[in-house]
Amino acid sequence: MRRYIRSLILFISAAFVSCEKTVDFPAEDSGRIYVNALVKDNGQSRIDIGIAKPIGAEDNAYLGYLKLVLEADGNPVELTPDPVNSGNDMLSYTTDAVFTPEQILTLQASCGNLPSVRAEAAVPARIPEVKILKAESQSYKNDGAWMDTDELKTLWVFTAQIDESPDDETCFGMQVLKRKVFEYEGNVPDHEREMLEKEELIEQTDDLYVNGLLPDNGELSSIDPEMVVDFDGGETFISRSNGNYGKATVSAMVEPTKRTILSSGFDALTGLSYAVYQSYEYRIRLYRISAETYDYLAARYVGKNSFLPVYMGFTPPVYVYTNVSGGAGMFGTASTYESEWERY
């Protein structure tokens with residue numbers, strides 16, 4: 001992902017901000033159950049369970065003994081094992097249950113002689129009507145840990161304008177999905193057309209940029225801090241809701257694409273030439289995320305971006321939030337929205 005470090009001071013100060021809960025591993029501890037769960041309202045939820053152990057701890061907890069229960073308002077929710085994404089150190093489960101706003105979800109797990117864990121979270125309110133806007137913005141190139149101020153580049157800015165008032169307590173996530181679209185001119189060979197039609201079915205999350213530093217009276221001044229994290233299978237912009245024209249908004253920046261010629265040729269049998277053009281369609285995926293999810297992702301983001309070069313000394317400590325009582329990790333909830341595919 002294209003990312004830069006705004007300033008050393010920002011990350012050092014952020015790293016010392018403690019979140020609500022921390023996890024300590026006493027020297028004699030054999031480990032803790034680790035939870036990484038995102039339960040969504042759309043029937044596409046995943047729960048990953050592993051065991052976090054201190055260095056040198058005895059291997060006396062086997063995931064085969066794991067007992068996992070998920071409840072919605074006290075009623076059991078069916079979980080399906082996912083062997084494809086499971087391994088020796090992690091078990092993965094999915095559920096196609098559809099949840100409603102304000103439902104209370106409770107997760108409980110136990111494994112061998114490890115401490116049992118429990119977590120609870122409410123399903124966020126649904127996302128109301130959304131309007132997707134696209135604009136262009138000039139930004140310095142930031143395709144590494146440090147920013148290159150020698151080159152300004154144009155980025156696309158997708159903004160979701162949500163039909164509700166902005167609220168500092170409301171947290172959103174935003175992914176930009178794209179897929180290839182092909183246009184054909186002339187008599188394109190069947191084998192080439194069949195291959196390209198398969199590519200059109202592939203969706204991918206786009207790489208996200210953060211706002212570059214903009215020139216201000218000959219100096220560099222930063223924009224409000226932003227977080228781009230790996231979340232729900234792709235790079236996701238995470239922020240509290242901003243206000244624009246009285247609406248809650250959230251934005252994400254991607255590198256522009258344009259219509260290009262992919263291939264061309266001449267059919268010797270028909271004597272006709274052909275050409276294939278490639279462009280992209282885009283879809284915006286929004287999440288209204290619970291406060292627990294935001295706090296966990298914010299702490300993880302600080303931890304990931306707080307490392308300093310060796311010559312600058314030790315990395316400052318980072319306290320990682322968890323809402324999993326007796327264990328570690330995140331039990332998060334989200335409501336979702338997806339726009340229609342659009343070509344720009």
Side-chain angles (χ1 to χ4, degrees), residues 1-3 38 40-44 98 101 123-139 142 153-183 200-212 214 223-260 278-290 293-294 297 333-344:
M1 185 199 71
R2 301 156 178 86
R3 183 179 292 142
L38 178 61
K40 299 180 287 186
D41 64 348
N42 63 359
Q44 300 177 11
V98 176
V123 179
R126 296 196 190 282
I127 299 176
E129 183 177 347
V130 177
K131 183 178 182 180
I132 304 298
L133 307 174
K134 185 188 78 71
E136 292 185 350
S137 177
Q138 293 288 314
S139 174
N142 49 89
K153 69 183 306 176
T154 299
L155 298 175
W156 281 354
V157 184
F158 287 102
T159 299
Q161 194 174 82
I162 303 161
D163 190 17
E164 66 181 38
S165 299
D167 181 353
D168 289 341
E169 299 302 315
T170 302
C171 308
F172 289 103
M174 183 173 180
Q175 289 182 347
V176 179
L177 284 74
K178 67 180 182 181
R179 66 182 182 187
K180 295 177 181 178
V181 179
F182 302 103
E183 302 171 57
E200 286 185 320
L201 301 176
I202 300 174
E203 302 177 8
Q204 64 185 81
T205 53
D206 208 348
D207 291 335
L208 300 183
Y209 280 73
V210 294
N211 273 339
L214 303 178
I223 309 301
D224 292 337
E226 302 160 333
M227 294 194 301
V228 176
V229 300
D230 291 327
F231 175 76
D232 197 25
E235 288 191 353
T236 307
F237 178 85
I238 302 291
S239 75
R240 300 189 185 275
S241 66
N242 299 307
N244 187 12
Y245 304 107
K247 306 284 187 180
T249 61
V250 59
S251 300
M253 305 176 71
V254 300
E255 191 162 358
T257 58
K258 60 182 180 180
R259 184 175 183 261
T260 58
Q278 175 183 293
S279 55
Y280 285 88
E281 291 182 337
Y282 289 84
R283 163 177 280 174
I284 302 303
R285 178 181 291 160
L286 292 180
Y287 304 85
R288 186 198 300 275
I289 59 177
S290 60
T293 308
Y294 179 88
L297 293 174
T333 55
S335 55
T336 57
Y337 165 88
E338 285 190 351
S339 69
E340 300 294 330
W341 289 99
E342 295 285 349
R343 193 179 313 184
Y344 296 95

Handout entry: Asp41/Thr336 under side chain to side chain contact (heavy atoms under 4.5 Å, CB included): CA gap, chis, key distance, verdict
Key = CA-CA 7 Å; Asp41 64 348; Thr336 57; 3.1 Å; yes
Minimum heavy-atom separation for [X] to [Y], with atom names?
X      : Y      : value
Phe237 : Ala252 : CB-CB, 4.2 Å
Leu286 : Ala160 : CD1-CB, 3.6 Å
Val228 : Tyr209 : CG2-O, 4.5 Å

So, taking the atom named [atom1] in [X] and the one named [atom2] in [Y], what distance separates them when rounded to the nearest 0.5 Å?
X      : Y      : atom1 : atom2 : result
Tyr280 : Gln204 : OH    : CD    : 6.0 Å
Thr205 : Asp230 : OG1   : CG    : 8.5 Å
Gln161 : Lys247 : CD    : NZ    : 6.5 Å
Ile289 : Leu297 : CD1   : CG    : 5.5 Å
Glu136 : Met253 : CD    : CE    : 10.5 Å
Glu164 : Glu129 : CD    : CD    : 12.0 Å

With sequence neighbours excluded, what pairs up with [X] under the side-chain hydrogen bond (donor to acceptor under 3.5 Å, both in side chains) test?
X      : result
Ser290 : Glu292, Thr293, Thr333
Glu281 : Arg179
Thr170 : none
Glu200 : none

Taking C-beta and beyond as the side chain, do [X] and [Y] meet within less than 4.5 Å on heavy atoms?
X      : Y      : result
Trp341 : Leu177 : yes
Phe231 : Leu38  : yes
Arg343 : Val181 : yes
Leu208 : Val254 : yes
Ile162 : Pro128 : yes

Handout entry: Derivation of the side chain to side chain contact (heavy atoms under 4.5 Å, CB included) call for Ile284 and Tyr337
Key = CA-CA 8 Å; Ile284 302 303; Tyr337 165 88; 5.8 Å; no
Handout entry: For Tyr282, ring pair (Phe, Tyr, Trp, His ring centres under 6.0 Å) partners two or more places apart
Key =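 So Tyr282 forms a ring pair (Phe, Tyr, Trp, His ring centres under 6.0 Å) with Trp156, Phe158.
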Problem - Asp207/Glu255 under side chain to side chain contact (heavy atoms under 4.5 Å, CB included): CA gap, chis, key distance, verdict - result: CA-CA 8 Å; Asp207 291 335; Glu255 191 162 358; over 6 Å; no
Exercise for the section: Check the pair Asp232 / Gln175 against side chain to side chain contact (heavy atoms under 4.5 Å, CB included), numbers first and verdict last. Expected result: CA-CA 9 Å; Asp232 197 25; Gln175 289 182 347; 4.2 Å; yes
Practice task
Under the side-chain contact (heavy atoms from CB on, under 4.5 Å) rule, collect the residues that match up with Glu338, sequence neighbours excluded.
Solution key: Arg283, Arg285
Problem - Backbone N/O of Ala125 and side chain of Ser335: donor-acceptor pair under 3.5 Å - result: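 Looks like yes, one N/O pair under 3.5 Å.
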Exercise for the section: Say whether, by atom type as modelled, one donor and one acceptor occur between the side chain of Ser241 and the main chain of Ala248 under 3.5 angstrom. Expected result: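 Looks like no, no N/O pair under 3.5 Å.
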Handout entry: Lys134 atom NZ, neighbour heavy-atom count above 12 within 6.0 Å
Key = yes
